[in-house]
Amino acid sequence: MGAVNNHATPSGKDDASLPEMPLAPHERVLEALAVISIGALCLTICISILSRAAGRSIIPDEVQWVELMMIVIITGPLAVTFAKRMSIGVEVFTAWATGRALRILAVLGHVTGLGFLSFLLWAVWRLLANAWQTGEYYKGVVDIPNWIGAALFLFCLAVAWGRLALMIVLDLKTEK
Amino acid sequence: QSLTFSDYGPNRGARAAALETFGANLAEQGIDLTFFWGGSLIGGRGTLQGLADNVADMGSVVGFFTPAQLPLYSIGDLPVENSDTWIGMSAMHELAKTNDALKAEFDAAGVHYVSTYSTSPIQLICSDKVDSLDDMKGLRVRASGPYGDALTELGAEVVRMSQADVYQALDSGLLDCNQNYYYSIVAYKQYEVANQILALDWGQNMSFGIFMGKATYEGLSDVAKAAIDAAGDAFIDIYSESLIDGLKSDRAALEGEIDGNAIDITELADADKKTLRDASNTQIEAWVARVGETGGDGKALLAEYHEIIDRKKAELDKQGYPWAR
Amino acid sequence: MDPITLAILASGAAFILLVMRVPIAFCIGIVACVGLLLRFSWAPGTELDLVRGLRPTLSIIGTTAYGFVSNYPLSMIPMFIALGHVAFAAGITTDLFDVLNRRLRFLPGGLAVASVTGCSGFSAITGSSVACAAAMGRIAVPEMVRHGYDKRLATGAVAAGGTLGSLIPPSLLFVIYSIFTEQSVRELFVAGIIPGILSLFGFLLTIFIWCWLKPSAAPRLAQQDTAKTSAARDLISLWPLFLLLAIVIAGIGFGFFTPTEAAAVSLMSATLIGLARKKLDWRNLTDAAKITVQQTAMIFAVAMAAKIFATFVSLTRIVPTVLDLIQGVDPSIFIVMGAIVLLYLVIGMFLDSIGILVLTLPFTVPLVESMGMDLIWFGVIVIKLLEIGLITPPIGLNAFVIKSVAPKDISLGAVFQGCAAFLALDFVVLGLLLAFPVLSLMLL
Ligand code: NA
Ligand code: NA
C-alpha cells in the first residue's frame with residue numbers, strides 16, 4: 001500500500017490502526033472531479049461577483065450550478081475517505097482494541113455503513129427515476145433538469161457503496 | 001381521523017394563523033391535523049413528491065418548484081389584473097376545482113387540490129428613493145418568477161435570492177430593491193434596512209396552496225372528503241380576509257413610524273402602470289407559448305380564468321366581501 | 001409502535017453503535033433510516049406493514065439527502081476548509097503564528113488566546129460556526145501543536161472559539177429565529193453582542209486557568225528569540241493576511257458580495273497571493289484541494305445523516321410531547337425554562353443547529369411567550385444553547401470538523417476533552433445569561 005498513503009501523517013502507533021487500502025482508478029477519477037468542482041465553484045462565484053459589480057451578471061443560474069458542483073464535492077470523494085479509513089468515530093470506548101478486535105469493529109462499521117448507503121442508494125435511485133419520468137427542472141434561464149444532479153449523486157453513492165463492500169471483503173480476508 | 005400536515009414556513013404570521021383556523025374547522029368535523037412547521041418534515045421543494053409518496057397526508061405545495069409537473073398551475077403566478085386579494089384567490093380556487101386540464105395535472109402528480117394561498121399584490125422595497133420604473137433601471141432587484149422576467153425587461157438587474165437572505169443583502173447594499181408584499185416586508189423586518197416602497201400593486205403569486213396525497217384523499221370516507229373540501233372553500237375567505245385586513249394595517253404601520261423606522265411609500269404614476277401592464281402582457285404571452293410547447297392549452301385556461309375573475313369582480317361590486325355580507 | 005418508545009429505542013441503538021467505534025455518520029444514518037421505516041410501517045394501533053412504510057421512507061430519505069448535498073449556502077464550508085489549506089500552503093498562517101508567538105510571549109497561552117480571538121473576528125464576518133471551525137481548525141491547531149501546545153488545549157480552543165460564529169453578529173441562526181418569532185433581526189443582532197463578548201471572556205479565562213494550572217500546556221518562547229526582529233518588520237511581514245482581511249471586510253461591508261460569497265472570494269484571494277509570492281504551485285494547490293474534498297466529504301456525511309435523523313425525530317413528535325408533559329406536571333417558569341434548556345442540550349447532542357431550530361421553535365416559542373418572557377432574550381439563550389451543542393459529545397459538529405481538519409494523530413477523544421474544559425465556563429456564562437436577561441437586553 002506504500003504508493004497510496006502518501007497523504008497520511010505517521011500516527012506513531014501503527015499497531016493500533018488498520019492499513020489504508022489502495023484506491024481503484026474510478027475512485028481517483030471521482031476524487032479528481034471533486035477537485036475540479038471545488039476550483040470551478042470558486043471561479044463561478046468570483047466571476048459572478050465581478051461581472052455583477054461591472055453591471056451585469058454573466059453566469060445564468062449560478063446557484064443551480066454551484067448546487068450541482070456541491071454534490072460532486074461532497075459525495076465524489078466518499079469512496080476515497082472510506083478506503084483511507086478517514087470516517088469520524090468515537091474511539092474512547094474501544095481504545096483497548098488491537099489487531100483482530102479492531103478488524104472486527106471495522107467490519108461492523110462497514111456493515112452498518114453499507115446498510116445506511118443501501119437505503120440512500122435506493123432512495124436516490126427512486127429520486128432519479130422520478131426526475132427522469134417527470135422531466136422536472138429548476139426554473140431559471142437554462143432550466144437545468146433535476147435528473148442531472150440525481151444521477152451524479154447516485155453514481156457517487158454507488159461507488160462509495162462498492163468501496164464499503166470491498167472493505168468488508170478485504171478486512172475479512174486479512175483476518176484469515 | 002388524524003392527518004399530518006407539512007408546511008415549509010414558520011407557525012407565525014397570517015398564513016400560519018389561517019392554517020390554524022383551517023385545522024380548527026376540520027377538528028370540529030372530527031379530523032385532527034398535526035402540523036409540521038418550518039420544513040421540519042419535508043422542505044418546500046419536496047412537498048409535492050412527499051404528498052404523492054404519503055410522507056405527509058396534507059401539505060403546502062409551491063408550484064414554482066415543480067414547473068414540469070404543474071405547468072398549468074403556474075397560471076396563478078401570472079401578473080394578470082386581479083390585484084384584489086379576494087378576487088384573485090377565489091378565482092384561482094374555482095379554476096383549480098373545476099378546470100379539467102388542471103385536475104388532470106394534479107392527478108398525474110398524485111395529489112388532490114384543497115385550497116389556495118396568496119402573497120397579496122406585489123410591491124417593491126428599496127434602500128434609496130425609487131419614484132418610477134425609470135429609476136429602477138440598472139438597480140439590483142431581487143425578484144422571482146414572471147415578475148422577475150418582467151423587471152428584467154424593464155431594465156433592472158434581477159438577482160435570485162431567498163427572502164431570508166434579503167435582509168442582510170439590503171443592509172450591505174448588495175441589493176438595491178426587493179420584490180415583496182406588505183405582510184412579508186413586516187414579517188422579515190425589511191423596513192429596518194430599507195425605507196422606500198414603490199407601491200406597484202401588481203398581480204399576486206397564487207401558484208401555491210394546500211394539497212393532499214391523492215391516494216390518502218381517496219381512501220377517506222365521503223363525509224371526511226366533504227369536510228375537507230368545505231374547509232378548503234372556507235379557507236379562501238378566512239385567508240383573503242386576513243390578508244386584506246393585514247394589507248391595510250401593515251400599510252398604515254409602514255406609513256406611520258414602524259419601530260422607529262420612517263418609511264416612504266410612493267404610488268406608481270399612471271404612465272408607469274401602463275408600462276407595467278404591457279410588460280405583464282408580454283410575460284403572459286410567453287407563458288401561453290411555454291405551456292403550448294408541453295401540449296397544454298394555456299389560452300383556453302387563461303380565458304376561463306379571466307371569465308371567473310370578471311364574475312368574482314361583479315360579485316364583489318354587488319355584494320361586497322363574503323365576510324361583510 | 002408508540003413513537004416515543006421508537007425514539008428512545010433509536011437513540012439507544014445509535015449510542016450502542018457509537019460505542020462500538022462505528023463511524024458516526026453510519027450510526028445515526030442507519031438508525032434514522034430504520035426508525036423512519038418503522039414509524040411509517042407501524043402506525044400506533046396497527047400491525048407492522050413494511051411494504052406500506054417503504055415508499056414514504058425512501059421518499060423522505062431521498063429528498064432530505066439530496067436537499068442537503070445540493071445546497072448553495074453550504075458551499076461556504078468547503079470554501080473555508082480550502083482557505084485553511086491554501087493559506088497554510090502559501091505560508092500566510094505560519095508567518096502569522098510565528099509573529100504572534102514572539103509578540104504574545106507575555107501572555108499565558110498566547111497562541112490559544114490569539115486563536116480564540118481570531119475565531120470571534122472570523123465569526124463576525126461569516127456568521128457560520130462550522131465554517132469558522134473549518135478554517136481556523138486548519139490554520140491554528142497545527143501551528144499551536146508545532147509550538148508545543150497541548151493538543152487538547154489547541155483543539156478545544158478552536159472548537160470553542162468557533163461557537164462564537166452565530167452569537168456575534170451577523171448570524172444566519174438569528175435570522176431564522178427572527179422568522180419564527182417575528183422579532184427584529186437588528187435587535188437580535190444587538191442582543192447577541194454582549195453575550196458573545198462574555199462567552200469570549202469565558203474562553204480566554206479558561207485558557208488562563210489551564211495555563212496557570214499546567215504551564216507546560218502552552219510553552220513560552222525564551223526571551224532571546226523575541227528580540228530577533230522588530231515589531232514593525234513583524235507587522236509588515238503579515239501584509240498578505242491584512243490584504244485578505246481588507247478584501248473580505250470591505251467587500252461585505254460595501255455590498256460587493258454576501259457572506260456566503262465571501263468564502264469563495266477569500267479562497268481566490270489567498271490563492272492569488274500565494275501564487276504571487278511563489279509559495280504555491282500546481283502541486284501543493286491540487287494537494288490542498290484533494291484534502292479539502294476528502295474532509296468535506298467526511299463532515300457532510302455526518303451532517304447529512306444528522307439531517308435525516310432530525311426528520312425522524314420530528315416525525316416522532318417527541319419535542320411537543322415532552323414539553324406538554326412538563327407543563328402538565330409543573331407549569332412554573334423555572335421548571336419549564338429548566339426543561340427547555342435541558343431539551344436543547346440533549347437535542348444538541350445529536351442534531352445540527354438549523355435542524356434544531358425548525359424542530360423546536362414552533363413548540364418552545366409559544367410556551368415561552370405565554371409565560372410572558374422576552375423573545376429577544378430567549379433567542380440569545382437558544383442560540384447560545386445551539387452553540388454549546390456544537391461542542392458536546394457525541395454529535396458535536398464543531399468537534400468533528402476540528403477532528404477532520406486537524407493533524408491526523410489527534411483523536412476525537414482529545415478534541416472533546418479539550419472542549420469539556422471550555423464547556424465548564426461556558427455553562428457559567430449560560431447561567432449568567434439565563435439569570436440576568438439584562439445582559440442580552442441592555443444594548444437595545
Ligand atoms: Na457571526
Ligand atoms: Na452536540
key: Side chain / backbone / both / neither for C/Leu37 at chain A, heavy atoms under 4.5 Å   = side chain
remark   = Assert top hit (heavy-atom pairs under 4.5 Å, partner chain C, pool A/Ser87, A/Pro77, A/Ser118) equals A/Pro77
Per-residue contact mode, A/Ile71 against chain C (heavy atom under 4.5 angstrom) = both
note = SG of C/Cys33 to CH2 of A/Trp122, rounded to nearest 0.5 Å, is 12.0 Å
query = Hey, which of C/Cys27, C/Gly413, C/Ala288, C/Ala297 has the most heavy atom pairs under 4.5 Å with chain A?
reply = C/Ala297
remark   = In short, C/Met298 meets A/Met86 closest at the heavy-atom pair SD-O, 2.6 Å
ask   = Can you check side chain to side chain contact (heavy atoms under 4.5 Å, CB included) on A/Thr75 and C/Phe300, steps first, answer last?
value = CA-CA 9 Å; A/Thr75 53; C/Phe300 273 83; over 6 Å; no
task = Counting only heavy atoms closer than 4.5 Å, note whether C/Val265 contacts chain A via side chain, backbone, both or neither.
result = both
Which atoms of A/Val35 approach chain C - backbone, side chain, both or neither, heavy atom under 4.5 Å = both
query = Any side chain to side chain donor-acceptor pair (under 3.5 Å) pairs touching residues 50-59 of chain C, not counting sequence neighbours?
reply = B/Asp53-C/Arg55, B/Asp53-C/Ser59
task = Below 4.5 Å from any heavy atom of chain A, which atoms of C/Ala65 appear? Answer side chain, backbone, both or neither.
result = both
ask   = What residue, out of A/Leu43, A/Asn130, A/Leu105, A/Ile88, has the most heavy-atom pairs lying under 4.5 Å from chain C?
value = A/Ile88
message = If you count heavy atoms of other groups shown closer than 6.0 angstrom to CZ of C/Phe88, is the number above 12?
response = no
ask   = Where on C/Ala32 is there a heavy atom nearer than 4.5 Å to chain A: the side chain, the backbone, both, or neither?
value = neither
inquiry  = Quick check on C/Ile60 against chain A: is it the side chain, the backbone, both or neither that has a heavy atom closer than 4.5 Å?
reply    = neither
ask   = What residue, out of A/Leu120, A/Thr112, A/Leu78, has the most heavy-atom pairs lying under 4.5 Å from chain C?
value = A/Thr112
remark   = Against chain C, residues from residues 149-165 of chain A with at least one heavy atom under 4.5 Å, in numeric order, are A/Gly149, A/Ala150, A/Phe153, A/Leu164
note = Note: C/Lys408 and A/Lys84 closest approach over all heavy atoms is NZ-O, 4.4 Å
query = Heavy-atom distance under 4.5 Å between the side chains of C/Val34 and A/Phe119, does that happen here?
reply = yes
task = Pick whichever of A/Ile45, A/Leu128, A/Leu68, A/Val72 has the most heavy-atom pairs under 4.5 Å with chain C.
result = A/Ile45
task = Against chain C, work out which of A/Val66, A/Thr81, A/Thr94 has the most heavy-atom pairs shorter than 4.5 Å and name it.
result = A/Thr94
query = Which one of A/Val124, A/Thr44, A/Ile73 has the most heavy-atom pairs closer than 4.5 Å to chain C?
reply = A/Ile73
ask   = In Å, rounded to the nearest 0.5 Å, how long is the span from CE of A/Met70 to CZ of C/Phe68?
value = 8.5 Å
Rounded distance [0.5 Å steps], CG in A/Asn146 versus OG in C/Ser70 = 9.0 Å
task = Quick one: closest heavy-atom pair of C/Ile30 and A/Phe116, and the distance?
result = CD1-N, 3.3 Å
query = For C/Ser75, is it the side chain, the backbone, both, or neither that has a heavy atom closer than 4.5 Å to a heavy atom of chain A?
reply = both
query = Do other residues, nucleotides or ligands put more than 12 heavy atoms under 6.0 Å from the CZ atom of C/Phe256?
reply = no
For the student: nearest non-hydrogen atoms of C/Tyr72 and A/Glu62, plus distance = OH-OE2, 3.4 Å
note = Scored by heavy-atom pairs under 4.5 Å with chain A, the best of C/Val293, C/Leu74, C/Val22, C/Leu17 is C/Val293
query = Roughly how far, to the nearest 0.5 Å, is CG of A/Leu121 from CG of C/Leu58?
reply = 11.0 Å
query = Taking all non-hydrogen atoms of both residues, which atom of C/Thr296 and which atom of A/Ile74 are closest, and how far apart?
reply = CG2-CG1, 4.2 Å
inquiry  = At a 4.5 Å cut-off on heavy atoms, which part of C/Ile77 comes close to chain A: side chain, backbone, both, or neither?
reply    = neither
